[in-house]
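The structure appears below as structure tokens.
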Amino acid sequence: MLGPIFSALTGLNNASKRLANSANNLANIQTSGFKKGEVNSVENKSGGTSVSSISKINTQGSLIPTNNPLDLAIEGNGFFQVANPNGGASFTRSGSFKLDGAGQVVDASGNALIPEINVPAGNNGISVGENGQVSAQTAAGLEVAGQIQLASFNNPSGLSAAGGNLLNESAASGAPVVGNPGEGNLGGVLSGFLEGSNVDIAEEMVDQIVAKAAFKANINVIKANDEMIGNLLDIKS
């Protein structure tokens with residue numbers, strides 16, 4: 001008698017996580033470089049399903065022109081590398097970069113780009129090539145300030161979310177393979193563009209409708225079994 005209740009409880013948990021994941025996707029629809037999450041479920045031996053993981057779907061987002069030379073979009077495969085507050089490296093598709101007070105290229109949260117790039121003060125303009133080379137126009141002429149490198153992964157969907165639109169390496173993703181944009185399987189870098197999120201509003205709305213229906217159906221299963229158990233107990237008493 002309790003089997004259907006346990007199966008329904010796992011169904012409720014599954015539907016709740018699907019709703020939470022879809023809500024997070026929709027909340028980040030305007031976040032540059034955001035990759036939507038997808039809930040993965042497995043069947044339990046005892047019945048019902050449970051959430052095994054939430055993976056990132058790494059399809060290309062639309063390219064949005066900004067005319068800011070430090071707004072960078074990756075066209076193709078790869079991730080920018082930034083130093084995280086824990087002293088390690090995190091990865092992102094969000095290329096909204098700027099200069100800090102010391103002339104270092106950092107992301108919107110102030111995390112330094114890896115490898116570090118320092119732009120000379122008093123320059124008359126910054127340019128970033130498709131190959132990731134960063135140059136500054138100085139009084140002495142065009143000066144190379146640094147080289148952007150991208151990281152690729154054997155299984156990018158296995159990267160773990162670290163908050164702030166950052167991703168961390170995991171056992172599932174494998175170790176990063178680093179190289180210059182345009183080399184190997186790495187995409188190129190477009191200056192003056194940001195990559196939009198790959199969230200599809202219509203798809204998320206359908207997912208929410210399905211998840212809410214599943215939640216309601218599992219609630220009804222629990223209610224029906226609760227009433228049945230109550231009736232049996234009344235008969236026995």
Side-chain angles (χ1 to χ4, degrees), residues 32-35 56-84 86-100 102-121 123-138 140-160 162 164-170 172-198:
S32 65
F34 179 80
K35 301 303 177 186
K56 289 291 184 180
I57 306 301
N58 290 289
T59 54
Q60 179 87 43
S62 59
L63 298 177
I64 304 168
T66 67
N67 296 319
N68 179 350
L70 285 180
D71 280 342
L72 307 175
I74 301 171
E75 190 173 29
N77 183 44
F79 295 85
F80 295 110
Q81 307 170 91
V82 297
N84 61 42
N86 297 323
S90 290
F91 308 92
T92 184
R93 291 281 295 195
S94 177
S96 181
F97 295 106
K98 61 184 179 180
L99 299 181
D100 65 9
Q104 188 174 37
V105 178
V106 298
D107 67 9
S109 299
N111 302 310
L113 190 65
I114 299 175
E116 292 185 3
I117 296 177
N118 291 281
V119 176
N123 67 81
N124 295 316
I126 301 170
S127 61
V128 182
E130 190 174 351
N131 64 353
Q133 187 177 85
V134 180
S135 304
Q137 188 68 47
T138 67
L142 193 64
E143 180 178 332
V144 176
Q147 173 67 48
I148 294 171
Q149 292 188 321
L150 302 180
S152 66
F153 294 86
N154 184 48
N155 177 31
S157 297
L159 291 167
S160 60
N165 208 14
L166 299 179
L167 301 167
N168 285 345
E169 174 189 344
S170 72
S173 70
V177 177
V178 177
N180 292 341
E183 294 180 351
N185 69 337
L186 293 171
V189 170
L190 296 181
S191 175
F193 290 83
L194 287 175
E195 181 184 3
S197 76
N198 65 352

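Keep in mind it's a predicted model, so treat the numbers as computed, not measured.
- Inter-residue side-chain proximity for S32 and I64 is flagged as unmet; no heavy-atom pair is nearer than 4.5 Å.
- Between the side chains of Q81 and Q149, no donor N or O sits under 3.5 Å from an acceptor N or O.
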From CA spacing to verdict: side chain to side chain contact (heavy atoms under 4.5 Å, CB included), I148, V134
CA-CA 7 Å; I148 294 171; V134 180; 3.9 Å; yes
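- Closest non-hydrogen pair, F79 versus L159, comes out as CZ-CD1, 3.7 Å.
- The main-chain N or O of N111 is never found under 3.5 Å from a side-chain atom of S109 such that the two would form a donor-acceptor pair.
- The two residues A162 and N168 make their nearest non-hydrogen contact at CB-ND2, 3.5 Å.
- Considering all non-hydrogen atoms of both residues, L99 and V105 come closest at CD2-CG2, 3.8 Å.
- A distance of 8.0 Å separates CZ of F193 from CG of N67, quoted to the nearest 0.5 Å.
- Residues F80 and D107 fail the side-chain proximity criterion, which asks for heavy atoms closer than 4.5 Å.
- How far OG1 of T138 is from CG of N124: 8.0 Å, rounded to the nearest 0.5 Å.
- Around atom CD of Q104, more than 12 heavy atoms belonging to other residues, nucleotides or ligands sit under 6.0 Å away.
- Counting non-hydrogen atoms of other residues, nucleotides and ligands closer than 6.0 Å to CG of N154 gives a total of 12 or fewer.
- Side-chain N or O atoms of E195 include none that pairs as donor or acceptor with a backbone N or O of A73 at under 3.5 Å.
- Here the side chain of Q147 pairs a donor or acceptor atom with the backbone of N131 at under 3.5 angstrom.
- A side-chain donor-acceptor contact under 3.5 Å links S191 to the backbone of P69.
- Residues L186 and S152 share a closest heavy-atom pair of CD2-CB, 3.7 Å.
- Distance alone, capped at 3.5 Å, is enough to place a donor-acceptor pair between the N198 side chain and the I57 backbone.
- Listed for the R93 side chain is no donor-acceptor partner under 3.5 Å among the backbone atoms of L166.
- Distance alone, capped at 3.5 Å, places no donor-acceptor pair between the Q137 side chain and the N123 backbone.
- Put simply, the side chain of S170 gets close to the backbone of G158: a donor and an acceptor are under 3.5 Å apart.
- Taken from CG in N58 to CG in L167, the straight-line distance is 7.5 Å, to the nearest 0.5 Å.
- For the pair S157 (side chain) and K56 (backbone), a donor-acceptor distance under 3.5 Å is present.
- Here the closest non-hydrogen pair linking S96 and L194 is N-CD2, 3.7 Å.
- Pairing each heavy atom of P181 with each of E130, the nearest pair is CB-O, 3.5 Å.
- A distance-only check finds a donor-acceptor pair linking the side chain of T92 to the backbone of N165 [under 3.5 Å].
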